[in-house]
Amino acid sequence: MKHQLSQLLARAVDQLRSDGTLPADLEVDIAVERTRDRQHGDYASNLALVLAKTARTNPRELAHKLMQALPPSETVARVEIAGPGFINFFLAASAWHRAVMQALQQGKHYGRSDLGRQRPLQVEFVSANPTGPLHVGHGRGAAYGATVADLLEAVGYRVHREYYVNDAGRQMDILATSIYLRYLELCGEDLSFPANGYQGDYVWDIGATLHRKYGDALRQPLTELLRGVPADEAQGGDKEKHIDGLIQRCRQLLGEERYREVFDLGLESILDNIRRDLEEFGVHYDEWFSERSLVDDGSVERAIERLKASGHTYVKDGALWFRSTDYGDEKDRVLVRDNGQTTYFSSDIAYHMNKLERGYERVIDIWGADHHGYVPRVKAALQALGDDADRLDVLLVQFAILYRGGKRLQMSTRSGEFVTLRELRREVGNDAARFFYVMRKCEQHMDFDLDLAKSRSNENPVYYIQYAHARVASVMRQMEEKGLQWDRDHGERQLHLLEEAHEDALMVSISRYPEVVEAAAVHHEPHLLVHYLRDLANEFHTYYNAHQFLVDDQALRDARLNLIQAARQVIANGLELLGVSAPDSM
RNA sequence: GCCCCGGUAGCUCAGUUGGAUAGAGCAACGGCCUUCUAAGCCGUGGGUCAGGGGUUCAAAUCCUCUCCGGGGCGCCA
């Protein structure tokens, strides 16, 4: 609809250009918007205001000329000039009827489009280190990423959903060591657990699995384990050096092969847990991409070599540095440490190089806001590699702060004090969790009120929308009980009977849905859809209270049933994109 | 110190590339169930858009300074 109107305006501009009213070389960017106030018509354009200056005329006069140059159209009932020079379009009722028919005919496809023309696009999200279960902070990235991916797919992109598994770094070694230490405790060793180890109960569980599998076969005396290991923090030492020492001793005592088994047991158990958790949350992936694979297949080394060849690296203090300041980063970054180990950053460069090599038109990364400092350096690396850094979009998701009983919950992964995503889902349910997480703009800090999310009351917005859906289903059940039938085709021919203000408002909203999906997808803003659905539900509830649907007059009844079924379809489609269920009864 | 995000009604937040009289939910107050589920509807009150300056036909929106809140600034991941 919007596109139609801007095309009409474009033709009007063409005509004014050819008759000399407007300069022939004038560049125009035509914007048509929904009006906020129905008094101003259904759609409005500020075109005359924008062009007035360069055309050196007054805006209202130009608006009049544009209006007169508009080609006739069946969907436009009339056009008015208002205010400083807005061109307001009032649409014919048939335009709204068409939207109702489309919603019913297209069913679950209503609102989808081919804007993206099936171009390939990648969305990488969550990608939490597999060192523990997902917590509520990851939940927001999961819900947001899944919804953005679904939205982009809905507007015609071929979306590849990916989780980057950090299975190669030091954090994983700390996890493996933590597991082994818990195992030793289960063997009966009495040790003091390192300050920097992973303290969560799940580490015990994995240690127990290890013990069931091997018995005491992997047991080593404590004195052996601690030989040459620097003191821990509690003993006045450095906790980082202590844990690194422990890692080294574990590897030596277990041997690379056995150590790798412990390591992989931890990785697999936790990754399985994460996979299951996300799957239950309705968050699906096409690929779980292993960081280790980048090391193994030489990609990391290749990335480093390419950077070296680009001339933007140097050696200092025994380390290899990338001069990211050449591309606007705050400081240079280390690629290879003085001990010969590559940094996380190196893997990340290799990973993004790999993504672009796979040929995606756009690559979208969804990160926690605490990683915002990494954006410039990753983009710098891509530029140095000669890639187009603009193909990478990094969306930063702010933290969600949890409240329970009006009190803020404090969380820390390392200490094991956090609310897991699974606990949250059990407490408030998947629907409320998915909904609440995307209710706010991603760059907004979010207060997540657990009590509100799980309340089964009118305070809870997710129920409000679901209830509208359930009410339509209920009306249809009532209809059958009364022995009546709904004739959809007949209803389509009777839509002109829908003359109530409530019906008009509902039809307009239904017609807006495809525009909302498009805007939410293009701007990566699922909350637009959330607000839209709330408004639509409100219009439905208002209508429901004001008018009877199952009236005796069959023509009017069928027309009304068409309308509310169209509304039901839109709610179902919208909720599906949000990963929220649309129940038939509540 | 530097960088990122935010500051809009009592609370939580919307507000499209700058547009017409700044909106919604919750909370508060007053109404509506003999009628398709009251998890609903209708009505009332509530604002220095943090503050100053600037840009223009037009600023909550863009620029600049100040104040306040959160986060980030490792050869960690």
Side-chain angles (χ1 to χ4, degrees), chain A residues 29 31 33-37 39-40 44-46 49-50 52-53 58-59 82-86 88 128-129 131 166 168-172 174 196 240 291 316-321 330-331 333-339 341-345 347-348 368-376 396 398-399 401 439-449 452 455-468 470-479 481-482 515-516 519 522-523 525 527-528 530-531 534-535 537-538 540-551 560 564 585-586:
Chain A
D29 187 18
E33 289 178 355
R34 288 272 179 176
T35 54
R36 201 171 294 175
D37 186 344
Q39 300 275 314
H40 301 131
S45 177
N46 62 354
L49 295 166
V50 176
K53 197 169 195 179
N58 100 42
F86 289 103
N88 294 338
N129 281 348
T131 53
N166 293 116
R170 175 168 170 265
Q171 293 304 319
M172 288 304 296
I174 296 177
N196 227 4
E240 303 290 347
E291 176 185 4
K316 191 180 86 183
D317 303 333
L320 180 71
W321 294 71
E330 291 174 354
K331 52 187 290 188
R333 311 290 172 177
V334 172
L335 296 168
V336 184
R337 293 200 261 165
D338 59 1
N339 64 9
Q341 285 188 337
T342 58
T343 57
Y344 173 88
F345 179 45
S347 303
D348 231 17
D370 53 334
H371 286 70
H372 78 85
Y374 299 89
V375 180
L396 299 171
Q398 292 287 340
F399 294 120
I401 301 163
M439 213 161 49
R440 308 290 174 226
K441 262 196 308 210
C442 72
E443 66 259 35
Q444 268 279 0
H445 301 273
M446 183 173 70
D447 289 333
F448 196 126
D449 186 337
L452 176 62
S455 78
R456 303 188 151 267
S457 76
N458 56 356
E459 295 168 32
N460 195 337
V462 66
Y463 289 114
Y464 184 84
I465 298 167
Q466 290 180 317
Y467 185 40
R471 267 185 154 174
V472 178
S474 173
V475 169
M476 299 313 281
R477 284 194 297 271
Q478 285 287 329
M479 181 195 72
E481 279 173 27
K482 289 183 178 179
E515 293 167 21
V516 173
V522 169
H523 300 295
E525 291 184 339
H527 76 278
L528 294 177
V530 171
H531 286 276
R534 215 244 144 234
D535 289 346
N538 173 252
F540 171 77
H541 287 308
T542 302
Y543 181 35
Y544 180 99
N545 270 60
H547 298 284
Q548 193 78 12
F549 307 146
L550 298 174
V551 292
R560 287 188 168 169
I564 64 169
S585 67
M586 292 178 72

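Throughout, a chain's letter reflects where its sequence line sits, starting with A, and its residues are numbered from 1. No experiment lies behind these values; they were computed from the predicted model shown.
Checking B/rC73 for Watson-Crick or G-U wobble geometry (two distances, each under 3.5 Å) identifies B/rG1 as its partner. Base-pair partner of B/rU16: not found among the strands shown (Watson-Crick or G-U wobble, both distances under 3.5 Å). Partner assigned to B/rU56 is none, using Watson-Crick or G-U wobble distances below 3.5 angstrom. Nucleotide B/rA38 is matched to nothing when pairs are restricted to Watson-Crick or G-U wobble geometry with both distances under 3.5 angstrom.
Side-chain N/O atoms of A/Asn545 include none lying less than 4.0 angstrom from OP1 or OP2 on B/rC33. Applying the 4.0 Å criterion to OP1 and OP2 of B/rU37, one finds that A/Tyr464 has every side-chain N and O outside that range. Close to B/rG19, at under 4.0 Å from its OP1 or OP2, lies no side-chain N or O of A/His40. In terms of phosphate contacts, A/Gln478 brings no side-chain nitrogen or oxygen within less than 4.0 Å of OP1 or OP2 of B/rU35. Distances shorter than 4.0 Å separate none of the side-chain N or O atoms of A/Arg471 from OP1 or OP2 on B/rG40.
Comparing B/rC75, B/rC57, B/rA20 by their nearest atom to the side chain of A/Leu49 picks out B/rC57. Here the nucleotide nearest the side chain of A/Phe86, chosen from B/rA20, B/rC36, B/rC75, is B/rA20. Taking every side-chain heavy atom of A/Arg477 into account, B/rU37 is the closest of B/rG15, B/rU12, B/rU37. Candidate nucleotides B/rU37, B/rU17, B/rC13 were compared by shortest atom distance to the side chain of A/Ala31, and B/rU17 ranks first. Considering only side-chain atoms of A/Arg36, the nucleotide from B/rC36, B/rA60, B/rC75 that sits closest is B/rA60.
Residue contacts for A/Ala319: at a heavy-atom cut-off of 4.0 Å it reaches a base atom on one of the strands shown. The residue A/Glu33 sits close to a base: some heavy atom pair falls under 4.0 Å. Residue A/Ala44 is classed as a base contact, given a heavy-atom separation below 4.0 Å to a base. Within the nucleic acid shown, A/Ala470 comes within 4.0 Å of at least one base atom, counting heavy atoms only. Within 4.0 Å (heavy atoms only), A/Thr542 reaches sugar-phosphate atoms of the nucleic acid but no base atom. Residue A/His371 is in base contact, counting any heavy-atom pair closer than 4.0 Å across all strands shown. Using a 4.0 Å heavy-atom cutoff across all strands shown, A/Arg534 reaches sugar-phosphate atoms only and no base atom. Nucleic acid contact class of A/Asp338 (heavy atoms, under 4.0 Å, all strands): base. At the heavy-atom level, A/Lys331 lies under 4.0 Å from the strands shown only through sugar-phosphate atoms.
Donor-acceptor pairing under 3.5 Å is lacking for the side chains of A/Asn129 and A/Gln171.
Annotation: side-chain contact (heavy atoms from CB on, under 4.5 Å) contacts of A/Pro376 (sequence neighbours excluded): A/Asp329. Applying the ring pair (Phe, Tyr, Trp, His ring centres under 6.0 Å) criterion to A/His541, with sequence neighbours excluded, gives A/Tyr464, A/Tyr467. Remark: A/Arg170 engages A/Glu240, A/Asp244 in a side chain to side chain donor-acceptor pair (under 3.5 Å) (not counting sequence neighbours). The side chain to side chain donor-acceptor pair (under 3.5 Å) test applied to A/Gln548 returns no partner, not counting sequence neighbours.
With hydrogens and angles left out, the side chain of A/Asn88 and the base of B/rA20 share a donor-acceptor pair within 3.5 Å. The base of B/rG19 sits with one of its N or O atoms less than 3.5 Å from a complementary donor or acceptor on the side chain of A/Asn46.
Per the geometry, OH belonging to A/Tyr544 stands 10 Å off P belonging to B/rA39, to the nearest Å. If you measure from atom CD of A/Glu481 to atom P of B/rU37, you get 8 Å, rounded to the nearest angstrom. At whole-Å resolution of the value, CG in A/Asn58 and P in B/rC57 are 13 Å apart. Between A/Tyr543 atom OH and B/rU37 atom C1' there is a gap of 18 Å when expressed in whole angstrom units. Going from atom CE of A/Met446 over to atom P of B/rG71 covers 16 Å, rounded to whole Å. Nucleotide B/rG15 holds its C1' atom 13 Å from the NE2 atom of A/His523, rounded to whole Å. A straight line from CZ of A/Phe448 to C1' of B/rC26 spans 16 Å, rounded to a whole angstrom. What separates CD of A/Gln171 from P of B/rG74 is a distance of 16 Å, to the nearest Å.
Annotation: B/rU37 and B/rC49 have their P atoms spaced 46 Å apart (nearest Å).
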Could I get a table of every N or O pair under 3.5 Å where one atom is in the protein and the other is in nucleotides 28-31 of chain B?
none

Nucleotides 1-5 of chain B: which of its N/O atoms have a protein N/O under 3.5 Å away?
from	atom 1	to	atom 2	distance (Å)
B/rC5	O2'	A/Glu443	O	2.6
B/rC5	O2	A/His445	NE2	3.3

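Between the side chain of A/Arg333 and the main chain of A/Lys331, a donor-acceptor pair closer than 3.5 Å is present.
Ring planes of A/Phe549 and A/Phe540: tilted class, angle from 30 to 60°.
Residues A/Arg34 and A/Glu515 are in side-chain contact: their nearest non-hydrogen atoms beyond the backbone lie under 4.5 Å apart.
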